[in-house]
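First the structure, in the form of structure tokens, and then the observations on it.
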Amino acid sequence: MQENSKGILYAGGAYFLWGILPTYWRSVNTFNPYEILFHRVLWSAIFMVVLIVLLKKWPQFIADTRSLIGRKKELIALIAASLVIMVNWGIFIWAINNHHVLQASLGYYINPLMSIALGFIFMKERFNTLEILAIVLAAIGVLFMTLSSGTFPFISIVLAASFALYGLMKKYVNIDVIYSIALETIITLPLALIGIGYLAQLGENHFGANHTSFLILFAGVATAVPLILFTAGAKRIPLSLIGFLQYISPTLILLQGVFLFGEHFSATDFITFLCIWSGLILYSYSKYIQFKAMKRKQLLKP
């Protein structure tokens, strides 16, 4: 199989798995969202450590970690990224289990446009005309929902902003992605253990000899495997293609919200999503034009 085909399968598989995560989180909703989050961090940390050991990369992991500790700016960026992604996970789990699946979907549709905005603010990147129009359309969609329903899509904005911030912070960290994921879960593990202990003290710890506890053991796999697949795919295919595949995830989340969980898709939702979708079409087309121009330049090089 060609590397390009493998890349599409890996990246597409990652976005597919991210897209069906709502069904998994709903299957463990006898736990409260905070307990699910804490166990997600715990079992992700365990899974990543076991994976690194099985891959016989533990000595290299320790060496790279020690090296990272000496690079203070990168270490701070990784710690910040770890905390931000924990917030993202928590908001997403809470949204899924409190009947806000459509808002979660909207958040991940907005995410690419939020990333453009952060690139402008922090990375001094500049917009082209299509990207400006894409952001304006997204803003119109959010404003329309706020004015029409009287509800600001807080969940959507927080999910989009937190994941975009996570991506921005990871740009400053130069370490193997598997090691990075492991460190992120290890950094947030003390918070998760404190949370589990606090819930146990309140008598709200549901982990034990029950079906849901068995399912929650797979939270680490559900978290790490898509990230590993995504990394493998991103190395093999152009960023423009990644940009197209990323819409698999929020589309699957949207479909589950409407057809599986029975959330009402109103006219206001439709117009809001239509504005966001239109913006994403412009954004994707802009990236496609940039990719074609880059390929043309490469072909013209002697």
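Numbering starts at 1 and runs along the sequence shown.
The ring of Y247 has its center no closer than 6.0 angstrom to the ring center of Y15. Proximity of the aromatic rings of F92 and W89 is defined here by a centroid distance below 6.0 angstrom, and this criterion is not met.
The salt bridge (Lys or Arg N to Asp or Glu O under 4.0 Å) contacts involving residues 71-90 comprise R71-E74, where partners must be two or more places apart or lie in separate chains. For the salt bridge (Lys or Arg N to Asp or Glu O under 4.0 Å) condition, no pair includes a residue of residues 39-58, sequence neighbours left out. Residue pairs satisfying the ring pair (Phe, Tyr, Trp, His ring centres under 6.0 Å) criterion with at least one member in residues 64-86, sequence neighbours excluded, are absent. Sequence neighbours left out, not one pair with a member in residues 262-280 passes salt bridge (Lys or Arg N to Asp or Glu O under 4.0 Å). Applying the salt bridge (Lys or Arg N to Asp or Glu O under 4.0 Å) test to pairs two or more places apart or on separate chains, those with a residue in residues 175-186 are K170-E184.
Side-chain atoms of T212 and T30 form a donor-acceptor pair, as typed in the model, at a separation below 3.5 Å.
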For residues 139-147, which side-chain N or O atoms pair as donor and acceptor with protein atoms under 3.5 Å away, sequence neighbours left out?
from : atom 1 : to   : atom 2 : distance (Å)
T146 : OG1    : V142 : O      : 2.9

Side-chain donor-acceptor pairs of residues 194-206 under 3.5 Å, sequence neighbours excluded:
from : atom 1 : to   : atom 2 : distance (Å)
N205 : OD1    : F207 : N      : 3.1
H206 : ND1    : E35  : OE1    : 2.9
H206 : ND1    : E204 : O      : 3.1

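For S148 (side chain) and T268 (main-chain N/O), no donor-acceptor pair under 3.5 Å exists by modelled atom type. Counting only distance, with no hydrogens or angles, the side chain of T188 and the backbone of T185 share a donor-acceptor pair below 3.5 Å. Within the 3.5 Å criterion, the main-chain N or O of L21 finds no donor-acceptor partner in the side chain of Q256. Put simply, the side chain of S162 gets close to the backbone of L159: a donor and an acceptor are under 3.5 Å apart.
Within a 6.0 Å sphere centred on CZ of F154, other residues, nucleotides and ligands contribute 12 heavy atoms or fewer. The environment of F152 atom CZ is dense: over 12 non-hydrogen atoms of other residues, nucleotides or ligands sit within 6.0 angstrom.
Smallest separation of non-hydrogen atoms from S105 and L254: OG-CB, 3.3 Å. Minimum interatomic distance between A164 and N111 (heavy atoms only, all atoms of both residues): N-ND2, 3.3 Å.
Listed by chain and number, the residues in a side-chain hydrogen bond (donor to acceptor under 3.5 Å, both in side chains) with S44 are T223 (sequence neighbours excluded). In this structure A232 satisfies the side chain to side chain contact (heavy atoms under 4.5 Å, CB included) test together with Y10, R236, sequence neighbours excluded. With sequence neighbours left out, the side chain to side chain contact (heavy atoms under 4.5 Å, CB included) criterion links F259 to L255. For I79, the side chain to side chain contact (heavy atoms under 4.5 Å, CB included) partners two or more places apart in sequence, or in a different chain, are L75, L83, I187. Taking the side-chain hydrogen bond (donor to acceptor under 3.5 Å, both in side chains) definition, one finds that T251 meets it with Y109, sequence neighbours left out.
Looking at D64 and Q60, their side chains come closer than 4.5 Å, going by heavy atoms from C-beta outward.
Using cut-offs of 30° and 60° for the angle between ring planes, the W277 and F273 rings count as tilted.
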